[in-house]
Protein chains: 2
Amino acid sequence: MPNQPNAFDTHDHSHCTTDGLARAEGILALRKQRLTPVRRQTLQILLAEHRALGAYEVLDKLAEAGFGKQPPVAYRALEFLVEHGLAHKVRRLNAFAACMHPETDHAPVFLICRGCNALAETAAEPVRAALDAAAHAAGFTVERTSIEALGLCPKCKVAA
Amino acid sequence: MPNQPNAFDTHDHSHCTTDGLARAEGILALRKQRLTPVRRQTLQILLAEHRALGAYEVLDKLAEAGFGKQPPVAYRALEFLVEHGLAHKVRRLNAFAACMHPETDHAPVFLICRGCNALAETAAEPVRAALDAAAHAAGFTVERTSIEALGLCPKCKVAA
DNA sequence: GTATTTTAGGTTATAGCATAACATAAGCCG
DNA sequence: CGGCTTATGTTATGCTATAACCTAAAATAC
Ligand SMILES: [Zn+2]
Ligand SMILES: [Zn+2]
Ligand SMILES: [Zn+2]
Ligand SMILES: [Zn+2]
């Protein structure tokens with residue numbers, strides 16, 4: 001996993017949005033896909049916070065920014081971002097979050113803080129390997145995974 | 001994990017329902033909780049199939065059996081079963097499935113076949129350990145997990 | 001055994017999440 | 001430009017889940 005700041009670390013957050021948008025542009029250019037205004041704004045909305053946002057929450061912010069007000073506007077932009085690995089869906093929350101290291105194709109593993117709602121991704125390989133091994137023992141072939149943990153981040157642990 | 005038949009194994013399925021109900025009675029008796037008619041019927045509906053059922057699908061079957069027709073009827077029974085470890089919620093499917101080994105308190109790991117919708121639970125400990133390790137490295141304390149894999153079961157792999 | 005408290009089941013209503021289907025507009029390419 | 005493809009917007013609808021209120025049944029207290 002590249003060296004992106006973790007949601008739980010104190011960091012200069014102003015870079016998160018600009019870097020994220022820049023990386024997205026690079027990735028999409030290679031794939032000859034367009035980062036249109038709605039898509040760009042949607043990604044920016046997600047990048048602004050290290051937590052997952054519901055589609056309707058995103059939609060409200062898009063509407064404020066002058067885009068369409070109907071659900072498909074948000075869902076389509078979110079679907080596009082997820083498809084290209086720029087965002088992930090957090091199933092436990094029925095919500096979406098920007099990916100902090102979209103250049104490496106990966107199945108995400110989420111750590112969700114129930115105290116402050118912060119959301120971080122963590123090392124997927126060992127977890128995925130353990131899951132593959134268990135699945136293999138059952139004769140099952142894994143294609144996609146959702147691996148999510150709910151708990152307390154370092155800061156909220158101290159506060160509690 | 002006790003010796004219960006796996007959804008992917010060929011097995012005498014007539015035992016699954018009766019054994020499951022018997023185990024539920026035992027567990028609830030110890031906790032002085034009541035397996036009321038709706039709850040019993042709900043569990044039986046889930047036990048009848050080795051797959052996850054949506055709450056409204058359960059509700060329809062409850063209504064057919066003479067119980068109430070409104071969502072809370074199903075949701076309350078399902079919530080009770082989940083609370084006592086007799087069923088699990090599969091977040092990837094927004095659906096519920098009976099647990100095949102409810103006596104051991106466990107966080108489930110699901111294998112969901114996209115071919116036949118069969119759902120099996122598998123060894124959680126190694127996966128959970130890997131996840132705990134990754135979380136610990138980030139200073140995060142895991143309280144609850146959702147670990148789910150989508151793919152192909154042995155039978156559907158052969159068929160494909 | 002009846003009164004009191006607690007737990008469960010039933011209803012109506014509404015909130016929250018997601019997609020189908022169709023129309024318009026913008027980019028792309030001969 | 002003209003025709004094709006992709007993207008945006010709209011209306012309408014469906015699926016998932018819970019709040020709030022009322023009645024009934026069971027457990028417990030007297
Ligand atoms: Zn940041
Ligand atoms: Zn990611
Ligand atoms: Zn069976
Ligand atoms: Zn289980």
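Quick note: numbers below take in every heavy atom, side chains included, and nothing from hydrogens, waters or symmetry partners. Note that the structure is a prediction, hence the values are computed from the model and not measured. To find a chain, count down the sequence lines: A is the first, B the second, and so on, and within it residues start at 1.
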Item checked: Under 3.5 Å donor-acceptor, B:His136 side chain and B:Ala134 backbone -> no
Notebook entry, point to check: Nearest-Å distance, CZ (B:Phe67) to C1' (C:dT11)?
Noted result: 17 Å
Note to self: According to salt bridge (Lys or Arg N to Asp or Glu O under 4.0 Å), does anything in residues 24-44 of chain B pair up with another residue at least two apart or in another chain? List the pairs.
What the structure shows: B:Glu25-B:Arg40
Next item on the list: Note the angle between the end axes of the helix from C:dG1-D:dC30 to C:dG30-D:dC1, five pairs defining each, rounded to 10 degrees.
Entry: 30°
Checklist line | Residues which pass side chain to side chain contact (heavy atoms under 4.5 Å, CB included) with B:Asp105, listed by chain and number, not counting sequence neighbours | finding: none
Notebook entry, point to check: Can you name the side chain to side chain contact (heavy atoms under 4.5 Å, CB included) partners of A:Ala124, sequence neighbours left out?
Noted result: A:Val109
Margin query: Heavy atoms within less than 4.0 Å of DNA chain D: which residues of residues 23-52 of chain A have one? Give them sorted by number.
Written below: A:Arg34, A:Thr36, A:Val38, A:Arg39
Margin query: Could you work out, with side chain to side chain donor-acceptor pair (under 3.5 Å) as the rule, every residue matching A:Glu64, not counting sequence neighbours?
Written below: none
Notebook entry, point to check: Taking only residues two or more places apart in sequence, or in another chain, which ones meet B:Asp60 in a side chain to side chain contact (heavy atoms under 4.5 Å, CB included)?
Noted result: none
Margin query: Are A:Leu150 and B:Val142 linked, directly or through intermediate hydrophobic residues, by side-chain heavy-atom contacts shorter than 4.5 Å (ILVMFWY only)?
Written below: no
Next item on the list: Share the residues that join B:Leu78 in a hydrophobic cluster, the rule being Ile, Leu, Val, Met, Phe, Trp or Tyr side chains under 4.5 Å apart at the heavy-atom level.
Entry: B:Leu21, B:Ile27, B:Leu28, B:Leu35, B:Val38, B:Leu43, B:Ile45, B:Leu46, B:Leu47, B:Leu53, B:Tyr56, B:Val58, B:Leu59, B:Leu62, B:Phe67, B:Val73, B:Tyr75, B:Phe80, B:Leu81, B:Val82, B:Leu86, B:Phe96, B:Met100
Checklist line | Which residue lies more 5' along DNA chain D, comparing A:Gly68 with A:Phe80 via nearest heavy atoms | finding: A:Phe80
Checklist line | Base-contact (B) and sugar-phosphate-only (S) positions in nucleotides 13-22 of chain C, heavy-atom cut-off under 4.0 Å, - elsewhere | finding: ----BBBB--
Notebook entry, point to check: Considering residues at least two apart in sequence or located in another chain, which fulfil the side chain to side chain donor-acceptor pair (under 3.5 Å) criterion with A:Arg91?
Noted result: none
Next item on the list: Please name all residues satisfying side chain to side chain contact (heavy atoms under 4.5 Å, CB included) with B:His13, sequence neighbours left out, ordered by chain then number.
Entry: B:His11, B:Cys16, B:His50
Check: First and last nucleotide of DNA chain D touching chain A, 5' to 3', heavy-atom cut-off 4.0 Å?
Finding: D:dA7 to D:dT11
Next item on the list: Rounded to the nearest 0.5 Å, what's the gap from NZ on A:Lys61 to CD on A:Gln41? Could you check?
Entry: 10.5 Å
Note to self: Just verifying a value: how many Å separate B:His88 NE2 and B:Glu148 CD, rounded to the nearest 0.5 Å?
What the structure shows: 11.0 Å
Notebook entry, point to check: Would B:Ile147 and A:Phe110 show up in the same hydrophobic cluster when neighbours are defined by side-chain heavy atoms closer than 4.5 Å?
Noted result: no
